[in-house]
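First up is the structure itself, then whatever we jot down about it.
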Amino acid sequence: MRRSRLWIEERGSASLEFVTAGMILLLPLVYLVLTMSTIQAGALAVEGAARQGARVFVQGESGGDAKAKALRAVEFALADHGLTLAAASVSISCRPNPANCLRRQGFVTVEVAVSVPLPLVPPVLNGDFPLSVPLAASATQQVSRFWGSG
């Protein structure tokens, strides 16, 4: 069987093909890993912020004090992951009595939502495609049955 002339004379193109194929395959893979790690960090941030906010709220002395401390805890938890409280949406709700959150064996729910921007996307882009991933988490804590006011 006779080999083709092109098959025999192909020299020196393997490195060029490797670099080209490597870039075509490696760059999307690196971006995918970077994007997934950014989304995971955002998910951990909102989940931790909601949990810490609820824990701190149920240990407050009064309603106003508890809310201020809970917002501060949410701010710290988000800051650990590079997010700001201004970029987040935080809501605190109480059951069974919304007027008195710190009631014995009452439940306090803290919900935190944030939109995490995709990495390496300039903010000047706008269109019908998403440039950020919305993430939300909520946590519920029960006020101690031994809490001071009934």
Side-chain angles (χ1 to χ4, degrees), residues 10 12-150:
E10 188 174 330
S13 64
S15 61
L16 180 62
E17 290 172 3
F18 177 75
V19 169
T20 304
M23 288 298 163
I24 290 172
L25 297 174
L26 192 61
L27 286 179
L29 182 65
V30 168
Y31 186 74
L32 178 68
V33 169
L34 185 62
T35 302
M36 294 306 291
S37 64
T38 301
I39 292 170
Q40 180 67 28
L44 290 172
V46 296
E47 197 269 323
R51 185 178 53 232
Q52 283 303 108
R55 286 179 180 173
V56 169
F57 191 96
V58 298
Q59 295 174 356
E61 298 295 323
S62 66
D65 175 56
K67 186 172 183 176
K69 286 183 179 180
L71 288 175
R72 188 74 174 148
V74 168
E75 181 181 13
F76 273 117
L78 291 174
D80 284 343
H81 294 278
L83 300 170
T84 63
L85 185 61
S89 169
V90 180
S91 67
I92 300 171
S93 60
C94 307
R95 290 179 299 150
N97 184 4
N100 184 11
C101 287
L102 295 176
R103 180 181 173 198
R104 289 182 185 164
Q105 294 185 323
F107 292 95
V108 176
T109 301
V110 176
E111 296 175 358
V112 179
V114 69
S115 191
V116 177
L118 294 174
L120 305 176
V121 176
V124 295
L125 284 181
N126 54 1
D128 292 334
F129 46 89
L131 297 177
S132 61
V133 178
L135 300 169
S138 66
T140 302
Q141 288 284 323
Q142 186 174 18
V143 178
S144 173
R145 69 175 127 181
F146 303 113
W147 196 78
S149 71

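Note that these values count all heavy atoms, side chains included, but never hydrogens, waters or copies made by symmetry. Predicted model only: the values in this text are computed from it and were never measured.
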### Task
Taking all non-hydrogen atoms of both residues into account, name the closest pair between Ser132 and Pro134 and its distance.
O-CD, 3.8 Å
### Query
Is the closest side-chain heavy-atom distance between Cys94 and Phe107 below 4.5 Å?
no
### Message
I'd like to check the side-chain hydrogen bond (donor to acceptor under 3.5 Å, both in side chains) partners of Arg95; sequence neighbours left out, ordered by chain and number.
### Response
none
Show every donor-acceptor pair shorter than 3.5 Å between a side-chain atom in residues 18-30 and any protein atom, with sequence neighbours excluded, or say none if there are none.
from, atom 1, to, atom 2, distance (Å)
Thr20, OG1, Leu16, O, 2.8

Side-chain atoms of residues 32-54: list all donor-acceptor pairs with protein atoms under 3.5 Å, sequence neighbours left out, distances to 0.1 Å.
from, atom 1, to, atom 2, distance (Å)
Thr35, OG1, Tyr31, O, 2.8
Ser37, OG, Val33, O, 3.2
Ser37, OG, Leu34, O, 2.9
Thr38, OG1, Leu34, O, 2.9
Glu47, OE1, Arg51, NH1, 3.1
Glu47, OE2, Arg51, NH1, 2.9
Gln52, OE1, Arg55, NH1, 3.2

Enumerate, atom names and distances included, each donor-acceptor pair closer than 3.5 Å involving a side-chain atom of residues 67-82, sequence neighbours excluded.
from, atom 1, to, atom 2, distance (Å)
Arg72, NH1, Glu75, OE1, 3.0

#### Entry: Spacing of CG belonging to Leu102 relative to OG belonging to Ser62, to within rounding of 0.5 Å
7.5 Å
### Query
Sequence neighbours excluded, which residues qualify as side chain to side chain contact (heavy atoms under 4.5 Å, CB included) partners of Pro96?
Arg103
### Task
Not counting sequence neighbours, which residues clear side chain to side chain contact (heavy atoms under 4.5 Å, CB included) with Ser138? List them please.
Thr109, Glu111
